[in-house]
Amino acid sequence: RPPSIDPEQRALAVEQMREAGRASAAAEAVAARLQQYESLPGATKVADGIVVVPGFMQAQLGIGDPAAFHEYLTDTIPIYSASDQLERGVLKRVPGDHPALNYRGKQIPRSKVWLQRNHTGGFVKYRYTGWQHAISDATADVTDSPPLRDVMDRLSSSAEGVLRFNHGIYTWYDGLNDFIDYHTDKPDDIAEGSLICVLRTGPCARVWSIRKVVADGETTPPPVFHELVAPGTAIFMTLEANLKHQHSVVKEAKGSRGAGVDERSGSFVLRNIKTVVPWATVDKCQADAKKSKEARDAKKSKQAKDAASA
């Protein structure tokens with residue numbers, strides 16, 4: 001007589017098999033999409049899971065002038081000042097000197113807009129290095145920016161899954177000395193097996209660099225990609241490839257390309273984010289973070305006073 005199987009164990013086993021099937025189907029879909037991109041004219045496979053496609057916005061998205069696209073967003077999306085209170089759900093650009101965007105208390109050399117699908121359904125949360133709870137309010141619904149909504153929709157599968165983007169960050173680099181250093185996108189909130197897409201915009205080409213991640217103490221190898229990337233270029237990478245590589249927009253000296261060069265550029269980065277947080281939970285997290293900061297500031301102030309009177 002065969003041993004009896006606990007119904008809960010059976011249900012768990014069935015669900016595990018279903019999940020394995022879904023993961024396999026997702027991996028096949030992403031591989032097929034990457035192969036499609038790799039077959040486009042001028043495309044380069046930089047490494048397993050990373051494809052660079054020049055002219056993608058022009059040829060595939062019908063955006064003939066990525067500089068005009070960037071200029072339109074610059075003209076139509078208002079920008080906060082460093083002292084402004086962020087307004088939840090309002091489409092506004094956050095400058096690098098805003099406290100909510102500072103990294104370890106310091107200004108960053110770029111400004112940003114956050115966008116997500118279904119803003120009323122909860123906060124689509126992507127935590128990057130230096131992320132703060134306060135920046136949650138800067139996220140707007142992607143429908144508030146029709147040009148960026150159209151790009152997100154055209155790049156997404158119509159069905160839910162790893163090929164449907166639900167989160168985007170548009171970044172302004174206002175000069176060659178605006179940059180982002182080598183980094184890997186943090187995986188905690190990104191859907192397993194999904195794609196990351198970067199679209200380069202604006203009038204100015206920028207040097208993009210990609211290098212392999214090495215263990216502590218190992219010699220950093222030369223970049224697998226280090227080239228001037230023209231406006232309109234798309235860079236696609238799988239989450240797995242992202243974890244094996246670091247990428248950067250390289251800093252250059254302002255004016256180093258000569259007088260009269262328009263150094264402005266932008267990027268639109270799209271991701272599939274799995275973490276969705278109720279807005280009530282966001283409120284609590286923001287309140288707790290504010291209390292923690294006030295306590296830290298009070299402690300630092302006391303330590304400074306004690307040191308001064310010692």
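Keep in mind that what you see is a predicted model, and the values were worked out from it rather than measured.
- In this structure, Gln116 contributes its side chain and Asp141 its backbone to no donor-acceptor pair below 3.5 Å.
- At a cut-off of 3.5 Å, with distance as the only test, no side-chain donor of Arg296 or Ser301 sits close to an acceptor on the other residue.
- Looking at Val94 and Ile79, their side chains never come closer than 4.5 Å, going by heavy atoms from C-beta outward.
- In this model, no donor atom of one side chain and acceptor atom of the other lie less than 3.5 Å apart for Ser156 and Asp153.
- With hydrogens and angles ignored, the 3.5 Å screen pairs no side-chain donor or acceptor of Asn272 with any backbone N or O of Ile190.
- Taking the six-membered ring wherever Trp is involved, the centroid distance between the rings of Trp279 and Phe123 falls below 6.0 Å.
- A donor-acceptor pair is defined here as one N or O able to donate and one able to accept, closer than 3.5 Å; no such pair exists between the side chain of Asp97 and the backbone of Gln107.
- Criterion: ILVMFWY side-chain heavy atoms under 4.5 Å apart, direct or through other members. Under it, Val124 and Leu148 are not part of a common hydrophobic cluster.
- To the nearest 0.5 Å, atoms NE2 (His226) and CH2 (Trp208) are separated by 13.0 Å.
- Using cut-offs of 30° and 60° on the angle between ring planes, the pair Phe236 and Tyr37 is parallel.
- Side-chain atoms of Glu38 do not come within 3.5 Å of backbone N or O of Arg33 as any donor-acceptor pair.
- Proximity of a side-chain donor or acceptor of Thr184 to a complementary backbone N or O of His245 within less than 3.5 Å is detected.
- In summary, Asp150 and Arg154 do not engage in a salt bridge, as defined by a charged side-chain N under 4.0 Å from a carboxylate O.
- Taking the side chain as every heavy atom from C-beta outward, Leu243 and Pro187 approach each other to under 4.5 Å.
- A cation-pi contact links Arg211 to Tyr182, judged by a cut-off of 6.0 Å to the six-membered ring centre and 45° from its axis.
- When the side chains of ILVMFWY residues are joined at heavy-atom separations under 4.5 Å, either directly or via intervening members, Ile50 and Val224 end up in a single hydrophobic cluster.
- Residues Tyr173 and Glu263 form no side-chain contact, since every pair of their non-hydrogen atoms from C-beta on lies 4.5 Å or further apart.
- Within 6.0 Å of CD in Gln35 there are 12 or fewer heavy atoms belonging to other residues, nucleotides or ligands.
- Figure legend: Arg271 and Phe165 shown without cation-pi pairing, the cationic atom not lying both under 6.0 angstrom from the six-membered ring centre and within 45 degrees of its axis.
- A cation-pi arrangement, defined by a distance under 6.0 Å to the six-membered ring centre and an angle within 45 degrees of its axis, is absent between Lys186 and Tyr128.
- Heavy atoms only, all atoms of each residue included: Ala241 and Thr238 are closest at N-OG1, 3.0 Å.
- Put simply, the side chain of His183 never gets that close to the backbone of Gln246: no donor and acceptor are under 3.5 Å apart.
- Note that CG of Asp181 and OG of Ser209 are 10.0 Å apart. Values are rounded to the nearest 0.5 Å.
- Remark: side-chain polar atoms of Asn177 are not paired, donor with acceptor, to backbone N or O of Lys254 under 3.5 angstrom.
- Between the side chain of Ser39 and the main chain of Gln36, a donor-acceptor pair closer than 3.5 Å is present.
- In this structure, Arg200 contributes its side chain and Gly266 its backbone to a donor-acceptor pair below 3.5 Å.
- Rounding to the nearest 0.5 Å places CZ of Arg93 at 10.0 Å from CG of Leu73.
- Between the side chains of Tyr170 and Thr201, a donor-acceptor pair is found at a separation under 3.5 Å.
- The NE2 atom of His98 sits 7.0 Å away from atom OG of Ser81, with the distance rounded to the nearest 0.5 Å.
- Judged purely by atom type and a 3.5 angstrom limit, Thr281 has no side-chain atom pairing as donor or acceptor with the backbone of Val277.
- Geometrically, Arg110 does not engage Trp172 in a cation-pi contact, judged by NZ or CZ lying under 6.0 Å from the ring centre and within 45° of the ring axis.
- Side-chain contact, Gln286 with Arg88: a donor N or O sits under 3.5 Å from an acceptor N or O.
- Annotation for Lys251: atom NZ does not count as buried by contact number, only 12 or fewer foreign heavy atoms lying within 6.0 Å.
- Taken to the nearest 0.5 Å, the CZ atom of Arg127 stands 15.5 Å off from the CD1 atom of Ile135.
- In this structure, CD on Gln85 lies 7.5 Å from CG on Asp137, to the nearest 0.5 angstrom.
- Lys92 NZ: more than 12 foreign heavy atoms inside a 6.0 Å radius.
- The shortest heavy-atom contact between Leu176 and Ser256 is CD1-OG, 3.7 Å.
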